[in-house]
Amino acid sequence: MPELPEVETIKNALKPHLTGRTITGVRVFDTRPVQSVHVDEFCCRLIGRKILGLDRRGKYLMIQLSGGENLVIHLRMTGALLWNPVEAEPFTRMEFFVDNGGRMVYTDVRRFGTMYIVQDTKDILGKLGTEPLNAQFTPQYLTQLLKSRETPVKSVLLNQELIAGIGNMYADEALFHAKIHPLRPACSLTQAEITTLHKSIRHVLNKGISKLGASIRNYRHPDGGQGSAHKEFAVAHRENEPCPICKTPVERIVVGQRGTYFCPKCQAAK
DNA sequence: CCCGGAACCTGAAGGC
DNA sequence: TGCCTTCAGGTTCCGG
């Protein structure tokens, strides 16, 4: 499941391959990912464009093109972007060719991923909340988000219109790190807890990036390898394994329809 | 406005 | 062994 650290890793890996190249061809095996415009227009607006740069916003990858165009990609749960894969990749939905013979392959088992071609990225990204690793994400900002809401604190962390980029795995890890029960009403957190949670969010995201992402299910690095962030997860996807702090077995509950892992002792409900 | 639940998809895993 | 059901979760949409 690509979340912020995984998309950041993909962006960083593709950047040297793609920047400065010109798109020479697009092959579409499945039109489902192509949003908003007909697939013919999608291809027309890509071919011949020069790639000026790559960026990330929340879980979206943005590829800036000449002519003011932007290719915006969301991988959802099982999407992957691979650079020059050696083998034929199963579930290949699209291929992008560039002028040095390189090829970016888009695979997606479940076909939830989406692609857009837009002049103004705000059309797609306009409703996203703040970037949790940017300076504007302060403890004060987090306090404002939490204080008026009764919903579980985990649901706030997952709301992309409030904070952009945190998904199920890193939400669980951040709450564990901050010793906060995922079902706590957002407005019940103390100022001290919010300050800690703010630090924890940044800590787990930065660690995820430094480990090149977490390969829990389908996520792969563009070179075909896997990230290693999941090896250091304390609770996410570790039901019944001992908590790294107190050895109590990690529990799994459902919060906002998502599987949620936590330590019942370290993150005791108040 | 706020919140919860269904839908979208399909391979993997578990039950019988 | 094999069929059937359930599960996984990012986002959007709908209803209360």
Side-chain angles (χ1 to χ4, degrees), chain A residues 1-11 29-36 56-62 72-81 89-94 106-116 118 121-129 131-132 144-175 182-188 201 204-205 208 213-220 226-227 229-230 233 235-240 250-262:
Chain A
M1 289 81 66
E3 304 180 21
L4 186 154
E6 287 73 33
V7 181
E8 181 73 14
T9 299
I10 291 166
K11 181 207 74 179
F29 302 103
D30 178 16
T31 61
R32 176 168 241 284
V34 179
Q35 306 287 306
S36 306
R56 179 195 58 74
R57 178 82 170 89
K59 301 169 192 170
Y60 288 87
L61 177 69
M62 299 172 287
V72 181
I73 301 171
H74 196 302
L75 300 171
R76 301 287 181 110
M77 266 94 76
T78 56
L81 291 167
E89 288 293 330
F91 315 113
T92 293
R93 309 297 180 192
M94 251 182 256
Y106 171 64
T107 70
D108 189 358
V109 176
R110 291 173 64 185
R111 304 169 67 221
F112 279 4
T114 49
M115 295 206 186
Y116 308 82
V118 292
T121 57
K122 279 201 178 63
D123 294 351
I124 310 301
L125 313 172
K127 289 169 80 175
L128 288 178
E131 282 291 319
Q144 290 304 311
L145 297 186
L146 296 172
K147 74 176 188 184
S148 64
R149 293 168 214 271
E150 290 281 345
T151 200
V153 57
K154 178 172 177 182
S155 297
V156 173
L157 299 188
L158 292 177
N159 186 336
Q160 302 299 300
E161 295 184 16
L162 305 178
I163 308 169
I166 301 174
N168 202 36
M169 302 180 297
Y170 292 97
D172 283 355
E173 287 300 302
L175 289 167
L183 279 174
R184 289 269 303 281
C187 57
S188 75
I201 289 169
V204 300
L205 293 177
S215 294
I216 284 288
R217 282 203 166 70
N218 302 75
Y219 166 73
R220 279 195 296 165
Q226 302 201 327
H230 57 290
F233 280 170
V235 290
H237 296 272
R238 290 194 182 277
E239 186 177 13
N240 292 327
V250 170
E251 285 187 12
R252 180 185 185 277
I253 58 175
V254 174
V255 179
Q257 300 173 296
R258 314 283 173 81
T260 297
Y261 303 86
F262 72 107

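Values below: every heavy atom of this structure, side chains too, minus hydrogens, waters and symmetry copies. As the structure is a prediction and not an experimental result, all values here were calculated from the model. The sequence lines fix the lettering, A, B, ..., with proteins before strands; numbering per chain opens at 1.
- Of all nucleotides listed (C:dG10, C:dT11, B:dG4), B:dG4 comes nearest to the side chain of A:T151.
- One interatomic measurement links the two molecules: CG of A:N159 to C1' of B:dG4, which rounds to 13 Å at whole-angstrom precision.
- Between A:R76 and A:P152, the residue anchored closer to the 5' end of DNA chain B is A:P152, taking for each the nucleotide with the nearest heavy atom.
- The two residues A:G213 and A:T9 make their nearest non-hydrogen contact at N-OG1, 3.8 Å.
- Using a 4.5 Å cut-off on side-chain heavy atoms (C-beta onward), A:R93 and A:R111 make contact.
- Using a 4.0 Å cut-off, some side-chain N or O of A:R111 falls inside it from OP1 or OP2 of B:dT10.
- Using modelled atom types, one finds a donor on one side chain and an acceptor on the other under 3.5 Å when comparing A:Y106 with A:D108.
- Rounded to whole Å, atom P of B:dC3 lies 14 Å from atom CG of A:L183.
- A:N168 pairs in a side-chain hydrogen bond (donor to acceptor under 3.5 Å, both in side chains) with only one of the listed residues (A:E3, A:R258, A:K154), which is A:K154.
- No donor-acceptor pair under 3.5 Å is formed between the side chain of A:R184 and the backbone N or O of A:A186.
- Side chain of A:R238 to main chain of A:F233: a donor-acceptor pair is present (N/O by atom type, distance under 3.5 Å, no hydrogens or angles).
- Not one side-chain nitrogen or oxygen of A:K127 sits closer than 4.0 Å to the OP1 or OP2 atom of C:dT12.
- Candidate nucleotides C:dA8, C:dG10, B:dG4 were compared by shortest atom distance to the side chain of A:H237, and C:dA8 ranks first.
- Residue A:H74 places at least one side-chain N or O under 4.0 Å from the OP1 or OP2 atom of C:dT11.
- Ranking C:dG10, C:dT12, B:dC3 by closeness to the A:Y60 side chain, first place goes to C:dT12.
- By the 30° and 60° cut-offs, the orientation of the rings of A:Y116 relative to A:Y60 is tilted.
- For DNA chain B, each stem of at least three Watson-Crick or G-U pairs (distances under 3.5 Å) is given as range with range: B:2-8 with C:10-16, B:10-16 with C:2-8.
- Under the stacking definition used here (centres under 5.5 Å, planes under 30°), the residue A:F112 qualifies as stacked on the base of B:dC8.
- For A:Q257 and B:dG4, the shortest distance from a side-chain N or O to OP1 or OP2 is not below 4.0 Å.
- Summarising the geometry, the separation between CG on A:L75 and P on C:dG10 is reported as 12 Å, rounded to the nearest angstrom.
- Between the CZ atom of A:R149 and the P atom of B:dC1 there is a distance of 11 Å, given to the nearest Å.
- When the side-chain nitrogen and oxygen atoms of A:R258 are compared with OP1 and OP2 of C:dG10, one or more of them lie within a distance under 4.0 Å.
- Note: CD (A:Q160) to P (B:dC2) measures 17 Å, nearest angstrom.
- Between the CD1 atom of A:I73 and the P atom of C:dT11 there is a distance of 15 Å, given to the nearest Å.
- When side chains are defined from C-beta on, A:R76 does not count as touching A:K59, because their heavy atoms never get closer than 4.5 Å.
- Taking atom CG of residue A:L145 and atom C1' of nucleotide B:dC3, one finds them 16 Å apart after rounding to whole Å.
- In this structure, A:G256 reaches neither bases nor backbone, as no heavy-atom distance under 4.0 Å exists between it and the strands shown.
- When rounded to the nearest whole Å, the span between CZ of A:R252 and P of C:dC7 equals 8 Å.
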